[in-house]
Amino acid sequence: MKRSNKIILSVLFNALLASTTLADGHIPAGVTLADDQTFTYRVLDEHSSVDPQVVEDVTGAEVVRDLFEGLMNQDADGNLVPGVATGYEVNENNTVYTFTLRDNAKWSNGDQVTANDFVFGWQRAADPELASPYQWFVELMSIENAGAVIKGEKPTDALGVRAVDDLTFEVTLSAPLPYFPQMTTHSTTFPAPGSIIEKYGNEWTKPENIVSNGAYILTEHLPDERSVRERNPMYWDNKNTTIDKVIALVINDENVALTRFLAGELDRTEVPAGQFPRLKKEHPDTAISFPRLCNYYYTFNLSDSGPEAFKDVRVRKALALAVDRKIITENVMAGGQPEAYTFTPAAVAGFTPPDTDMAKMSQADRDAMARELLAEAGYGADKPLSFDMMYNTSEAHKKVAVALSQMWKQKLGVKVNLANMEWKVFLETRGNQDFQLARGAWCGDYNEASTFLDLLDSESGYNDGKFNSPELDGLLEKAKASANASELYTQVEEIIAAEMPVIPVYHYAGVYMMDSDVGNWPVNNVEQNWYSKNLYKVAQ
Amino acid sequence: MLSYTIRRLLIAIPTILILVVACFFLMHAAPGGPFTSERPLPPEVLANIEARYGLDQPLWKQLWDYLSNIVLHFDFGPSFVFKDRDVNDIISQGFPISLTYGFLSFLVATIVGVTLGVVAAIRHNTWIDYIAVSLGIAAQALPNFIMGPILILTFTLWLGWLPGGGWNGGQWQYLVMPVIALSTSYMGSISRITRSSMLEVLNSNFIRTARAKGLPERKIIWRHAMKPTLLPVISYLGPVFVYVLTGSVFVDIYFSTGGLGKSYVNSALTRDYAVLLGVTILYGTLTVVVNLITDLAYAWFDPKIRY
C-alpha cells in the first residue's frame, strides 16, 4: 500500500514537473507565471488593415501575425519553424516547393485549415481586383505567372500555386529563389477564409465577422484608440500559449507614451531619440536596446540632374569620411545604434559585411584623408563646395542632418543648405531626382542581404540616387542563383565602399522600455517579427 | 425670419459646393498621392490600385462620381489608407467622440469664462478683478499642446488619479483631461471679452438711468446689462463652437481619444483624399449652420437687429 502510494506520488510529481518545465516549451523552469496574462503595448498609429493580403504597415502586420498563421513562422532568433506547414520539400531545380500541412490546424469557427485556403489567399494577393499594394511581394516571390496575373493578362488561377490534396500545398516558381521559404512567414502569404470573405465582403475584418486561424482572434477594435485580441481556443497549439489577451493602444506622441509606460499603463513602448542613456540609468531592467535590420544613409544624386561635384568620387568619399559616426550614434541618437560603414547592417543573417578600409581608420585619419581628397578634387577656401541636403520632417532626422552639416562645415569648409520636407513631398522630390543629397533608410523585407543591396541595382525602382554600376548589377544577378551568395555580397559592399554612392550613417536599433515581467521578447529577431503566443508574463 | 433662414440655407449649398471643389483641386495639386510610398510600386500594381479607386479617371470625372455618390447614396467613398473602413465609418466613429468632449469643453469654457469676466467687471479694480484677469491671461497663454503633456504628467504619473488616455466609451475619468486641455485657452479669451464688454455696458447711459431709478444692482446686471454684454461674446462663440465640436488634433494626439481631429490632419498628410473631402464637407456644413444660429441669436440678444 505504502509503496504504491509512493509510485503514484512520484508519477504525479513528475507529471507536475513536466507541466511546468516542458508543456509550455517557451517558459523556463522555475518561473512563476502572473495571474493576469495581458500584454499591453503602444503603437504609433492606427493600423491600415488586419486583412493579411491587404495590410501594408508594420503595426498591422504585428496584429495579423497573431490573428493568422502562415506556412512557416520565425522563432526568437528569426529562424524558420513550422507554422501551419509541418515542413516542405523542394525539387532538384529549386523551383517547386511542396508544403505538408498539419491536420489539426483549425479556423476560429472550427473549420479545418486546408491547402485550398492557402491557394485562395495567394491568388487573392495577386488579384488585380483586390488591388493589394503587396502585389509586388507576390512578384518578388517569383511565383509562376505572377506578373501576368497582376497585369490582368491571365486569370488568378493561372498563378503557380495548387492544392494537391487538403494537406499538400504546392508552389511553382519561375526561377529558383534561395530565400523563398523565408518569405512564407510574411503576412501576404497567409491563408484567407474564402467563405467568410465572400459572405461579408469588405466588412469581413470587423471583430464581429472575422474568422482567423492564428493563436488569437480580434475581439475589439476602436479605431485610433485600441485593438484587442484574445486567445483562439481553436488554435492547434493553444495549450502552449500563455498570454491571454493582447492590447494595442494607439498613442501618437512618444513622450506621452513614455509617461503612460512609467505610470504602469503599458508593458512596452519606444524610447524617444536621445533619452536612452537617462532611462537606462534610472530603469536598468526595463530600458533595452538591440540591433535591427534597418539602415540609415544619405544618398547622392548621381543622375544628370545631380550636381557636377558629386560625379567626382573623391568628393563623395571625402564627405563620407568626414562623418564622425561615433558622435551621431553616441550623442545624437544615443540609443545603442551601431555605426555604419557598410550598406548592409551587420545584423543580417548569413552574411558578414566586410570591414571596409574606412571602418579600420581612426576618425583623425579619416578627416585628414577627407581634406586631402577634397583638395585634390579642386575644392578649398577659394572654391568652397556647396550643396543642398534634404530630409523628411522629424526631430531625430533634423538632429542628424544638423550634426552632419556641421561636421562638413568645420572639417572641410563645406557649405550645406538644409531643407526639410513633409513625407509625401519628400518622397516625390527624391523619386524625381530633384535633389542633391537626400536622407534614406531601409528596413529589410526579409532577412537576407539582397533586400538592401538590390536598392543600388541600376534597374531598381528604389534607386533614387541613380547609381549605375554594371559590375554591381552583374554580381547581384549572379547572387540570385548562387548557392554561396555571401562572397558576391562582399564584393558588392566593396564596390559601394570604393564608389560611395551613398553615405551609410548608422544602423537601427530597437530601443524599448519593456516591462521586466515580460518574458521571451525576441531581441535576437532582427526583423522584430514577434508572436504574442511566445511571450509570457512573470509574477512579481 | 423664416424666409431669412430658408434663404441662408439655400445660399449654403453653393457655398459648400465651392468649398468641396476648391478642396478637391488643391488636394490634387499637392505633390505625392495616397499611394506614394518609400517603396515605389511597380507600374502594373499602381495601375490596379488606381483602377480600383477610380484614380485613373480624369479629375472632373472623379469629382463628379464623388459628388453623385454622396447625393444618391450618401456614400463618401473608401479610405485609401485604412482599408478596413470607409469614410462613413471613420466619420461615424470619430465624430461622436469629438462632439462629446468638444461640447463639454464649450460648456466649461463658456460658463467659467463668462462668470470670471462678469465677476471681474462688477468688482472692477479690486483684487477679485486682478485675480480673474490674471487667470484669464494665464489660461489664454496655455495652448492645448502644452496643457496636454502637463496634465498627463500631473494626473497620471505623479498623482495616479486619471488614466493617461483612451476613450472607453466616454467615461468621465477619460473626459476630464481632454476637456480641461481644450477649454482652457477659450475660457481665457471668453473671460477677457466678457469683462471688457461688461465694463463698457456698465458705463452706458441706460444703466445709469436704471441706477437712477433705484433698481437693485443684481437686477441691473441680470435684467439690463447681461444681454448687451454677451453680444460680442456670441460672435466669438460661433466659430469657437464649430472649432471645438470638430475636435482637436492635439487632444486626439495626446489623449488617444479617437476623435475626428486627428483623422482630418492625418488625411491631409497621407493624401487620403476621400477622408479629407468628407471631413471638410462635414466641417463646412457645421460652420454654415452654426453661423446661421449665431446670426439668429443676435436678434434675440439685441432688439435693434431684425431680419
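Protein chains get the first letters and strands the later ones, always in sequence-line order, with residue 1 at the start of each.
- Residues of residues 148-161 of chain B that come within less than 4.5 angstrom of chain A, heavy atom to heavy atom, are B/I152, B/L153, B/T156, B/L157 in numerical order.
- Contact of A/D57 with chain B is not made at all, since no heavy-atom distance falls under 4.5 Å.
- For chain A, the nearby part of B/P42 is the side chain; its heavy atoms alone come within less than 4.5 Å.
- Heavy-atom proximity under 4.5 angstrom to chain A picks out B/G165, B/G166, B/W167, B/N168 from residues 165-175 of chain B.
- Between B/D84 and A/N202, every side-chain heavy-atom pair lies at or beyond the 4.5 Å cut-off.
- The candidate from A/E56, A/E428, A/K424 with the greatest count of non-hydrogen atom pairs under 4.5 Å with chain B is A/K424.
- One N or O on the side chain of B/S256 and one on the backbone of A/V250 form a donor-acceptor pair closer than 3.5 Å.
- In this structure, the portions of A/L130 lying under 4.5 Å from any heavy atom of chain B include both its backbone and its side chain.
- Interface residue A/I251: backbone and side-chain heavy atoms are both found under 4.5 Å from chain B.
- A/D445 touches chain B through its side chain: at least one heavy atom from C-beta onward sits under 4.5 Å away, while N, CA, C and O do not.
- In this structure, no portion of A/W204 lies under 4.5 Å from any heavy atom of chain B.
- Interface summary for chain B: among A/E129, A/R430, A/E139, the most heavy-atom pairs under 4.5 angstrom belong to A/E139.
- A/W136 touches chain B through backbone and side chain together, each having a heavy atom under 4.5 Å away.
- The side-chain heavy atoms of A/E225 and B/T257, taken from C-beta on, include no pair separated by under 4.5 Å.
- With A/E265 contributing its side chain and B/G164 its backbone, the two residues share a donor-acceptor pair below 3.5 Å.
- Of the atoms belonging to A/I150, heavy atoms from both backbone and side chain fall under 4.5 Å from chain B.
- Inter-residue side-chain proximity for A/P133 and B/K83 is flagged as met; some heavy-atom pair is nearer than 4.5 Å.
- Looking at B/L269, both its backbone and its side chain come within 4.5 Å of chain A, counting heavy atoms on both sides.
- Heavy atoms closer than 4.5 Å to chain B are found nowhere in A/V55, neither backbone nor side chain.
- Residues B/D89 and A/K206 are paired through a salt bridge, judged by an N-O separation under 4.0 Å between the basic side chain and the carboxylate.
- Both the backbone and the side chain of B/V45 come within contact range of chain A, with heavy atoms under 4.5 Å apart.
- Of the atoms belonging to B/S263, it is side-chain heavy atoms, and not backbone ones, that fall under 4.5 Å from chain A.
- B/L46 is linked by a side-chain contact (heavy atoms from CB on, under 4.5 Å) to B/F35, B/L41, B/E50, counting only residues two or more places apart in sequence or in another chain.
- Heavy-atom distances place the backbone of A/S132, and not its side chain, under 4.5 Å from chain B.
- When the candidates A/D45, A/T259, A/D464, A/V54 are compared by the number of heavy-atom contacts under 4.5 Å with chain B, A/T259 comes out ahead.
- With salt bridges taken as basic N to acidic carboxylate O contacts below 4.0 Å, one links B/K262 and A/D224.
- With a 4.5 Å cut-off on non-hydrogen atoms, B/P78 does not touch chain A at all.
- Residues forming a ring-ring contact (aromatic ring centres under 6.0 Å, His included) with A/Y508 (at least two apart in sequence, or on another chain): A/Y506.
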